[in-house]
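Notes follow once the structure below has been shown.
Sequence positions, counted from 1, serve as the residue numbers for this chain.
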Amino acid sequence: MTYEQLKAEENQYVMNTYGRFPIALDHGEGATLWDVEGKKYIDLASGIGVNCLGYNNPVLTDAITAQAHKLMHVSNLFTTEPMVQVAKKLVEKTHLDGKVFFANSGAEANEGAIKLARKYSFDKYGEGRFKIITLVNSFHGRTVTTLKATGQDRFHNYFFPFTEGFDYAEANNFDSVRRKVDDMTCAVMMELVQGEGGVLPLDPEFVKQVEALCREKDLLLIIDEVQTGIGRTGSLFCFQQYDVRPDVVTMAKGLGGGVPIGAVLAAKSCSNVLTPGTHATTFGGTPMVCAAANAVLDTVANGEFLAQVREKGEYLKNGILSIGSPNIHGVRGMGLMLGIIVDEGKHAAFANKLIEKGVLAITAGKNAVRLLPPLTISKAEMDEALTIMKEVF
């Protein structure tokens, strides 16, 4: 079908909840995609950070295919090897000595972390200690609860009443966090790089101060690694570069390499809080998805691979800065999670122009063109994208 034919049927049958770009993608190889009209694109978005191993990667496709022939799904009333092995790898690679709960998305993972934090506090202190501090400009999901956890007013509309029990402190302002913490607080929840907020890394000293406050007040430190995790910033998890020890880490996106999965990793301090009957999901930890996650972790959780991610991030960042355009005011981020800073309000126009010329990019915050390429992107693909960027910027 042509794009126009597909779009006509989409308009007829699909809810209009996304501001989609005017292309219909068909297939890919590496970090390169083609649409239904045969036009080629260098993908610097990877499904918003999901397709970490790129497209048509045999490591991933072979693992999914082999597991599909064996067992695609069973309920969580039974044990399966792929699920256990993903959990084992996550615990061993993070050295948190904890346990894992599997979900289907980042929002679900954050919901699980919120429930865990509140039950942890209820078990120790009883009712009334439920408040979770998040940061202004944060993003934690689109369920009714995770929308309220998100520290951006524009998301707090339409769907009233929202789940209560959240307050917002300023990022990189420890005094603001300390003022918000009171006798009702049970946890602090942060992204170490605010992705949707504009690709904004937190200051390491601020993060360490928040960690110390959590230890002092017996608050759980929840690190939302839905976008930053699974190698995206150049380490398996971003918190490993901040030298902190979270109580809870949430993840999704890249963990499945393209199939839906989320997970809550609880450190030893709170790994036994969720007990039978207190939390569950039908599809969490299903064998086929976990087969994909095992393939991803076997590839990404490797020192040499992660070093390459850091090198690629520097190469892409330096290449963008070398364009020397007055429209580019800097590049921020970590690893292959980068934001090109442009004039406020112009980021969407630049993203649209890049897509028109053959580079898939997305936006973040008020002034960032966000880049989240597959971690396996080649130098040749980056060079091709940089040539187009030079033309556009």
Side-chain angles (χ1 to χ4, degrees), residues 28-33 42-64 66-67 82 85-96 100 106 192-193 195 199 201 223 225-243 249-259 261-263 265 289-319 333-338 370-386:
E29 187 74 35
T32 304
L33 289 165
I42 304 299
D43 183 16
L44 299 187
S46 68
I48 316 184
V50 169
N51 301 306
C52 62
L53 299 187
Y55 303 94
N56 197 29
N57 188 317
V59 170
L60 194 55
T61 57
D62 289 353
I64 294 170
Q67 186 61 47
Q85 291 304 312
V86 175
K88 179 181 178 181
K89 288 167 186 171
L90 289 170
V91 170
E92 290 182 346
K93 294 294 183 180
T94 56
H95 307 290
L96 291 179
V100 179
L192 296 177
V193 182
V199 195
I223 301 298
E225 296 254 15
V226 169
Q227 193 164 148
T228 55
I230 318 301
R232 174 57 54 188
T233 63
S235 52
L236 184 59
F237 289 99
C238 192
F239 78 81
Q240 294 168 316
Q241 296 184 58
Y242 277 78
D243 190 30
V249 181
T250 60
M251 66 200 80
K253 290 191 183 290
L255 180 59
V259 296
I261 185 172
L265 172 57
V289 170
C290 282
N294 274 307
V296 167
L297 290 172
D298 288 344
T299 303
V300 174
N302 173 285
E304 184 176 342
F305 184 94
L306 293 168
Q308 291 174 3
V309 171
R310 295 191 294 272
E311 290 167 9
K312 291 174 184 178
E314 283 299 307
Y315 184 83
L316 192 55
K317 177 181 179 180
N318 291 334
M334 298 170 66
L336 284 171
M337 182 177 182
L338 300 173
R370 184 170 29 156
L371 309 180
L372 301 164
L375 306 182
T376 53
I377 191 170
S378 68
K379 182 176 180 294
E381 287 168 321
M382 287 191 287
D383 285 342
E384 191 170 346
L386 286 166

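Considering only heavy atoms from C-beta on, Asp43 comes within 4.5 Å of Tyr55 through its side chain. In this structure, Phe239 and Leu96 have side chains that are in contact, with non-hydrogen atoms separated by less than 4.5 Å. Contact of the Tyr242 side chain with the Pro201 side chain is registered, since non-hydrogen atoms from C-beta on lie closer than 4.5 Å. Val309 has its side chain out of reach of Thr233: every pair of non-hydrogen atoms, C-beta onward, lies at least 4.5 Å apart. Looking only at side-chain heavy atoms (C-beta outward), Val86 and Val100 stay at 4.5 Å or farther from each other. A 4.5 Å side-chain heavy-atom check between Phe237 and Leu192 finds every atom pair outside the cut-off.
Nearest heavy-atom pair across Ile42 and Ala385 is CG2-CB, 3.9 Å. Between Ile64 and Ala292, the shortest heavy-atom distance links the atoms CG1-CB, 3.8 Å. Between Ala31 and Pro374, the closest heavy-atom pair is CB-CG, 3.8 Å. Closest approach of Cys52 to Val296, counting heavy atoms only: SG-CG1, 3.8 Å. Smallest separation of non-hydrogen atoms from Gly106 and Ala252: N-CB, 3.3 Å. Taking both residues in full, the closest heavy atoms of Gly49 and Leu372 are given as N-CD1, 3.8 Å, listed atom of the first, atom of the second, then distance.
Lys93 NZ to Leu265 CG: the interatomic distance, rounded to the nearest 0.5 Å, is 14.0 Å. Annotation: the span from Lys312 atom NZ to Leu375 atom CG amounts to 7.5 Å, rounded to 0.5 Å. Here the straight-line distance linking atom CG of Leu236 with atom CE of Met251 works out to 8.5 Å at 0.5 Å rounding. Between the CD1 atom of Ile377 and the CG atom of Leu371 there is a distance of 9.0 Å, given to the nearest 0.5 Å. Leu90 contributes atom CG, which lies 9.0 Å from atom CG of Asn294 (distance to the nearest 0.5 angstrom). In this structure, Leu338 CG and Leu336 CG are separated by 6.5 Å, a value rounded to the nearest 0.5 Å.
Using a 3.5 Å distance cut-off with no hydrogens or angles, the side chains of Glu29 and Thr32 do not pair a donor with an acceptor.
Under the 3.5 Å distance criterion, the side-chain polar atoms of Ser46 are left unmatched by any main-chain donor or acceptor of Ile48. For the pair Gln67 (side chain) and Ala291 (backbone), a donor-acceptor distance under 3.5 Å is absent. A side-chain donor-acceptor contact under 3.5 Å links Glu225 to the backbone of Cys238. Gln227 contributes no side-chain N or O that, together with a main-chain N or O of Met337, makes up a donor-acceptor pair within less than 3.5 Å.
Among Asn57, Asn56, Asn51, the one residue that satisfies the side-chain contact (heavy atoms from CB on, under 4.5 Å) test with Leu53 is Asn57.
Residue pairs meeting the salt bridge (charged side-chain N to carboxylate O under 4.0 Å, His left out) criterion with at least one partner in residues 226-240, sequence neighbours excluded, do not occur; the list is empty. The side-chain hydrogen bond (donor to acceptor under 3.5 Å, both in side chains) pairs that include a residue from residues 295-307 are Lys89-Asp298, where partners are two or more places apart or lie in different chains.
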